[in-house]
Amino acid sequence: MLPRRLPAVNIPHLWRKPVLSRLQQEIEKGLAAAIVRRFGIQPPAVDASLPPDTTLGDLAFPICLQLARILKKSPREIAGALKEDVAALPGVTRVEVAGAGYLNVFLDRVVVLRSLLADPGGPPALADEGKIIVEHTNINPNKAAHIGHLRNAILGDTLVRALRYLGRQVEVQNYIDDTGVQVADLVVGFENLDVPAPAVVAREHEHFDSFCWDLYARVTALYKEQPELKARRGEVLHRMEEGGNATADLATDLAARIVRHHLATMARLDIGYDLLPRESDILRLKFWARAFKLLRARGAVQRIDTGKNAGCWVMDLADDPEFADIADTQKVLVRSNGTVTYTGKDIAYQLWKFGLLGCDFRYRRHEDDSPGRPLWVTTSDRGENHAPSFGAGHRVYNVIDSRQAYPQKVVTKGLASLGFTAEAGRSHHFAYEMVALTLDCAKELGMDLTDEDRARPYLEMSGRRGLGVKADDLMDLLVERAASEVLKRHPEMDRKELDGIARTLAVGALRYFMLRFTRNRVIAFDFDEVLSFEGETGPYALYSVVRATNILRKVAESGGPRLSDLPALAEQWLTTETPQPPAGEWTLARECGRLGDVVAESVEKCEMAGIARHVFTLAQTFSTFYHRFPVLTAADETTRQRRILLVDLFRRTMLRALDLMGVQVPARM
RNA sequence: GCGCCCGUAGCUCAGGGGAUAGAGCGAGGGAUUCCUAAUCCCUAGGUCGCAGGUUCGAUUCCUGCCGGGCGUACCA
């Protein structure tokens, strides 16, 4: 569904890059100028790369390999001619011609280290762009959240954190589809299956959402036995859209109850929102009517009189090359029975997100908000007077799995066909592949599988079949697992601390797991993998920071500088004549210096796996450092101080990097 | 049918026009009077799905095949 690379989410020019890349940029410019001077040609893009290891240099330029053809000279000869010019650039201590003709640059490590210590993990500063709206989570409020929803929420929340780190103003929205077919199914379930009223269920079951998970699967089975119930579902849907009747009230109540559970589930992972826009309000406040009018005025929708779409209002996509692949070029926005499809409502919603609809929701505080994190929900009743202003964003990310790429394209096309081409260009479908279940996993869940199922590489989760791993169940498993690991190492630990650490480790394990896969890869979910705390996992990363923290604690305990003294120590060190740090230590510093670039690149590519990977690389680099270089018992005071500062640089960088992933660091584990 | 995604070590995955293709798990071997062994070090393991093309150079770009997944709804 996606182009191979997303259309570049263009980040307006970085006017201040992190220290490493800033230096790198200067050298790229200087090298380009030298090429013009020596050879009288304008070179292609001069880009630095990283040499395989730091003993070869800190930056490597392959440009001479490309110039060889143009200049008809050997790459090494060209590199040799440029070597002195590059060596004279500020921040460069040495240049070597290596391999086939690489120009390898050694940086002044002390200069770099000084800047890093002054601002560890600092982001590149970006030109202000205005509000960015990120929509994620968006779970149908008719059942418990499952691990597929977790991938969505974790990707979305990480994107939000990355954007905020880059200095963006972000508004997080979690759209509540409370008038959709799936909620109607649940209403049919409560009406026709032998279950207590919702209020009673809520009293008797701690997990109302989990109860509905089962009920939803039972309704699906019931439709097979009593097909006439499907007509009832249609009626229910109609009544829900009308509002102001008992059926609609039941639906609203059910959706609200389940949303509260979803919010609680996500809160366990430190995922929150600013606004819950409700679909019912889009209807009640006539958002669709308004969007529909605009679309008709532009001739962007047509009423169809004949054929299978007779009686519907559709958007015709035939003339658009983007949709050349679609067999049926008409996308229905208004059904023949007069109700609006999700895509129709989504067009209205998207217009509102950009402030193009000319009308607004009313707002009230959600009952589950907290002083530190206000949460608002839309309403069509009287709103509160002091609500902040929502919507009217400059850029919009919709975090939605790639199975919905086609309707997302229709939404964007809707904007474009109304003449809002700039906004269409700033509408980003942040697409990712689904989470499926391995066959082993499905068996562990006790699912009975068909032969067809067993022939597949993995199974798509299905709410209708009740096939899936619930988010809360997985979290419970992770917390339990974490608690037992911590207890093994700290048998004396009190319950309260243990619970806190176990929760932190569980969040770290889960969030790391969901982020380590690039978004175009289907995750075939497997319990053993997600429950692993060794190797490339969240707990491994946390462990490295805990160790760093321990070193610094022991430094303080042995009469050395305390955490609060370290800035002063860095300051003092900054002004002292210092030898260049050796390669093994420098590698750690260099990795720390890359965070800002890594995040900027991750946002540009909408690829949050880059952040996870970098966190792992940082942890791994530190682990190597930890084993090779004693800090407390360093040979001399200069070395000891430098290492203390390096450990602190690592610690502070990791705190920021892990915070981007929504993970806190425990004091011990 | 058409479109999109995936195919890299036994398994799970990174990477990406150029320096010996990387990591984790698993397998084998080693390290703990020393800052937590949730760690570290070493070894084995790869015609980067297949075939063409572009290029000084392709695992990476292009084309065509093969295998798998998803989409192509008056569900979302």
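Chain letters run A, B, ... following the sequence lines, proteins first, then strands; residues in each count from 1.
In this entry the distance linking CD of A/Q66 with P of B/U55 reads 17 Å, nearest Å. In this structure, CG of A/L333 is placed 13 Å from C1' of B/A73, rounded to the nearest angstrom. Computed from coordinates, the A/L67 CG to B/G18 P distance equals 16 Å when rounded to whole Å. The separation between A/K605 atom NZ and B/A14 atom C1' is 11 Å, rounded to whole Å. Between the CD atom of A/Q408 and the C1' atom of B/G71 there is a distance of 14 Å, rounded to whole Å. Rounded to an integer number of Å, the gap from A/F629 CZ to B/U39 C1' is 16 Å. Straight-line distance from the CZ atom of A/F61 to the P atom of B/G18: 16 Å, rounded to whole Å. If you take CZ of A/F533 and P of B/U39, they are 12 Å apart, rounded to a whole angstrom.
Once rounded to the nearest 0.5 Å, the distance linking CD of A/E279 with OG1 of A/T179 reads 3.5 Å.
At least one donor-acceptor pair under 3.5 Å links the side chain of A/R640 to the backbone N or O of A/L632. In this structure a side-chain-to-backbone donor-acceptor pair under 3.5 Å is missing from A/T639 to A/A634.
If you check B/U47 for Watson-Crick or wobble pairing at under 3.5 angstrom, you find it has no partner at all. Figure legend. B/C40 is base-paired to B/G30; pairs are counted as Watson-Crick or G-U wobble with both atom distances under 3.5 Å. Nucleotide B/C25 has B/G10 as its partner under the Watson-Crick or G-U criteria, with both atom distances under 3.5 Å. Look at B/C61: its Watson-Crick or wobble partner, with both distances under 3.5 angstrom, is B/G53. B/C70 and B/G3 make up a base pair, with Watson-Crick or G-U wobble contacts both under 3.5 Å.
The side chain of A/M669 lies closest to B/A38 when the candidates are B/C40, B/A38, B/G15. Nearest nucleotide to the side chain of A/K308, out of B/C35, B/C74, B/C70: B/C74. The side chain of A/R456 lies closest to B/G69 when the candidates are B/U12, B/G69, B/C40. Residue A/E536 has its side chain nearest to B/A23 when only B/G69, B/A23, B/A76 are considered. Distance from the side chain of A/P457 is smallest to B/G68 among B/G68, B/G71, B/C35. Comparing atom distances between the A/R403 side chain and each of B/U39, B/C70, B/C13 picks out B/C70 as nearest. Listed candidates were B/C5, B/A19, B/C35. Nearest to the side chain of A/E433 is B/C5. In this structure, the nucleotide among B/A38, B/C35, B/C70 sitting nearest to the side chain of A/M434 is B/C70. Out of B/U36, B/A38, B/A76, the shortest distance to the side chain of A/Y342 is found at B/A76. Between B/C35, B/C13, B/G24, one nucleotide has an atom nearer to the side chain of A/I551 than all others, and that is B/C35.
Comparing B/A51 with B/U8, their P atoms are spaced 16 Å from each other, to the whole Å. Taking atom P on both B/A27 and B/C70, the two are 33 Å apart, rounded to the nearest angstrom. Spacing of P atoms, B/G24 relative to B/G67, comes out at 35 Å, to the nearest Å. Distance noted for atom C1' between B/A58 and B/C50: 15 Å (whole Å). B/C11 and B/G7 have their C1' atoms separated by 15 Å, given to the nearest Å. Across B/C25 and B/U20, the matching C1' atoms stand 24 Å from one another, rounded to whole Å. Spacing of C1' atoms, B/C40 relative to B/C35, comes out at 14 Å, to the nearest Å. One C1' atom belongs to B/G17, the other to B/G57, and the distance between them is 8 Å to the nearest Å.
In the interface, the side chain of A/R489 is paired with the base of B/A38 through a donor and an acceptor atom under 3.5 Å apart. Checked by distance alone, A/D401 brings no side-chain donor or acceptor within 3.5 Å of a matching partner on the base of B/A76.
Residue-level contact check: A/A310 touches the bases, meaning some heavy atom is under 4.0 Å from a base atom. As judged by a 4.0 angstrom heavy-atom cut-off over every strand, A/A60 is placed among the base-contacting residues.
Applying the 5.5 angstrom centroid cut-off and the 30 degree plane-angle cut-off, the aromatic ring of A/Y406 is not stacked upon the base of B/G71.
The pair A/R232-A/E235 meets the salt-bridge criterion, with a side-chain N (NZ, NE, NH1 or NH2) lying under 4.0 Å from an Asp/Glu carboxylate O. For the pair A/R628 and A/E585, the salt-bridge criterion is not met [side-chain N within less than 4.0 Å of a carboxylate O].
Nearest heavy-atom pair across A/Y349 and A/P277 is OH-CG, 3.4 Å. A/N174 approaches A/N138 most closely through the heavy-atom pair OD1-N, 2.9 Å.
Both the sub-6.0 Å distance and the 45° axial angle are not jointly satisfied by A/R547 relative to the ring of A/F622. Both tests pass for A/R233 against the ring of A/Y223: distance under 6.0 Å to the centre and angle within 45° of the axis.
Checking A/T54 against A/T587 by side-chain atom types alone, a donor-acceptor pair falls below 3.5 Å. With 3.5 Å as the limit, one finds a donor-acceptor pair spanning the side chains of A/S623 and A/Y540.
Across the interface with RNA chain B, nearest-nucleotide mapping of A/R521 and A/E279 shows A/R521 to be the residue nearer the 5′ end. With the nearest nucleotide of RNA chain B identified for both A/P539 and A/V522, A/V522 has the one nearer the 5' end.
A close approach under 4.0 Å does not occur between any side-chain nitrogen or oxygen of A/N140 and OP1 or OP2 of B/A76. Between A/T341 and B/A73, a side-chain N or O to OP1/OP2 separation shorter than 4.0 Å is absent. Proximity of A/N337 to the phosphate of B/C74: no side-chain N or O atom is located under 4.0 Å from OP1 or OP2.
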Would you tabulate the pairs of protein nitrogen or oxygen atoms and nucleotide nitrogen or oxygen atoms of nucleotides 29-32 of chain B closer than 3.5 angstrom?
none

